2 protein chains.
Amino acid sequence: MGSTGGRRERLRVETTAEIQQVALKLMAAGGPDAITLRAIAREMGMTANAIYGYFATRDDLVTTLINEVYTALADAVDAAWAKAPAARPAHRIQTWARAFRGWALANPEGFRLIYGDPVPGYQAPEGGAAPDAAHRVCTGIAALADAAWPHAEHLYAHSDFQWSDFDSGLLDKVRPAFPTLPPAGVALALRIWGHLHGLVSLEIYGHLRTQTISPDKLFQEELAQLVRSLGLESEA
Amino acid sequence: MGSTGGRRERLRVETTAEIQQVALKLMAAGGPDAITLRAIAREMGMTANAIYGYFATRDDLVTTLINEVYTALADAVDAAWAKAPAARPAHRIQTWARAFRGWALANPEGFRLIYGDPVPGYQAPEGGAAPDAAHRVCTGIAALADAAWPHAEHLYAHSDFQWSDFDSGLLDKVRPAFPTLPPAGVALALRIWGHLHGLVSLEIYGHLRTQTISPDKLFQEELAQLVRSLGLESEA
DNA sequence: GGAGGAGACTATACGGCGTGAAGTTTTTAT
DNA sequence: ATAAAAACTTCACGCCGTATAGTCTCCTCC
């Protein structure tokens, strides 16, 4: 054999996993710039160069980490979405939003890794890091908009958004899943997304912490306002 | 003499200014992590260690830069605010917001420096970097809320925000300027701020660019919606 | 079961980084 | 003119990513 189940490959997989795990631990402890090949190797009792057998370059490792973390985020919000009953759109949106914020608060370094300036010299590869997870989060946001659209449609009565106003990147892959969502519905999606991301981002980066000691209360209030501004009744 | 006007001090001031200027140029060209003492020195035909005569450490330099950049941002939004007539609150808010976004788009690296993960290992000093500029921006946001409050008050009819819900940091210094603004008005301020910052942040960090090709149109629309949600009539 | 090869890892080295200590040159003040 | 002070350089250390070459171990095939 040698194709599957070989001791060699098992070890390889395990070592690969350990590298990522140690990297995540270092990031959690010291921020994104604590991810250094040498520190990882030190932690594992190896030489830094040994890691090159598993990842072509440090950026490759970071890309993989982003993928990993991004997937965890997508899992979290997807699970929340799936758990909440579709019959209560307001509650569903609030659940999604709370899951998003909750994950971010629990994994602030991960949030930075995904949405902020990542590791020092890191440049996201052309194809785009974590395209799957990004797609899933994007789909989730579109689902929020789709759920809210019937109630919020009137807000966009006078807008003139066209499909050509939006890029074909992630959207064209997400659109088919929501055939009833018009261009203005995408604007609504970006509105919701901008709002949530903005609040969470301010909180994570500490630009809110200096101003309020109950970001929790503020977030809940803001979420209620958002839902209300979508023409829905806020639910706990 | 030797106290003022000396050739020595003039040179010192000039060199200090040149260091900052070169650092900003490097940042604009290669992002925040392009700010290295050695690169600056190289650009100036000096040794890296010479910079230690002007800034105690690299973080000191970065702190100064943040101050500088933050001040420029505060100047930009303050000017916009002052220019717009107070009699038209909607227009004033939109002008402020557009100035904020405009500055951010013109100085994306500066925006990251202020609001994102800054230079790799940088840790903001205890006293807080750029406290003056932060105070001014905070005041600007409070002014937005103050202008909108009479129209938006009804939105917070059932909220129970207390002053104790907010930190005493920047707020206590800003509050006296707006004696009529109640606790819920601060929540309104943070709402506006979160909204604007969120949109601009998404745009600057490219998490919007992959989804829309007309962030401009989206921003205007969103701004109009925000103003409308405050009970005001959107103005061009 | 022994030889050969593949794969995992180390050793060494290079250039870049921030920064400390010590030395040198230039300017200023007396 | 001389001494002090300021500006600046040199050298050094330990960190980083990474390229190259070498070593050791284990699997495979005859």
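Here is the naming used below: chain letters follow the sequence lines, and residue numbers restart at 1 for every chain. This is a predicted model, so every value here is computed, not measured.
Put simply, CZ on A:R58 is 18 Å from P on D:dC15, counting in whole angstrom units. Distance, A:E43 CD to D:dC15 C1': 16 Å, rounded to whole Å. The nearest whole Å value for the distance from the CZ atom in A:R38 to the P atom in D:dG14 is 13 Å. Atom CG of A:L61 and atom C1' of D:dC16 are 15 Å apart (whole Å). To the nearest angstrom, C1' of D:dT18 lies 13 Å from CG of A:D60. Counting to the nearest Å, the C1' atom of C:dT25 and the CG atom of B:L11 are 15 Å from each other. Distance CD1 (B:I51) to P (C:dG18): 8 Å, rounded to an integer number of Å. Separating the CD1 atom of B:I40 from the C1' atom of C:dG18 is a distance of 12 Å, rounded to the nearest angstrom.
Checking the phosphate oxygens (OP1, OP2) of D:dC26, no side-chain nitrogen or oxygen of A:R10 falls inside 4.0 Å. Residue A:R12 places at least one side-chain N or O closer than 4.0 Å to OP1 or OP2 of C:dA8. Close to C:dG18, at under 4.0 Å from its OP1 or OP2, lies no side-chain N or O of B:Y52. A close approach under 4.0 Å does not occur between any side-chain nitrogen or oxygen of B:T47 and OP1 or OP2 of D:dC8.
Using a 4.0 Å heavy-atom criterion, one finds that B:T57 contacts the sugar-phosphate atoms exclusively. The residue B:Y54 sits close only to the backbone: its heavy atoms come under 4.0 Å of sugar-phosphate atoms, none of a base.
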Trace of the side chain to side chain donor-acceptor pair (under 3.5 Å) decision for B:H195 with A:E222: CA-CA 10 Å; B:H195 207 125; A:E222 191 59 19; 5.5 Å; no

Before giving the answer on side chain to side chain contact (heavy atoms under 4.5 Å, CB included), spell out for A:Q220 and A:R98 the whole-Å C-alpha distance, their side-chain angles and the decisive distance to 0.1 Å. CA-CA 8 Å; A:Q220 303 302 342; A:R98 278 194 269 260; 2.4 Å; yes

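Judged by closest nucleotide on DNA chain D, B:A50 is the one of A:A39 and B:A50 placed further toward the 5' end.
In summary, the aromatic rings of B:H197 and B:F111 are positioned with their centroids under 6.0 Å apart. Proximity of the aromatic rings of B:Y115 and B:W193 is defined here by a centroid distance below 6.0 angstrom, and this criterion is met.
One N or O donor and one acceptor, one from the side chain of B:N49 and one from the base of C:dG20, sit under 3.5 Å apart.
Although no hydrogens or angles enter the test, the distance criterion places a donor-acceptor pair under 3.5 Å between the side chain of B:T36 and the main chain of B:A39.
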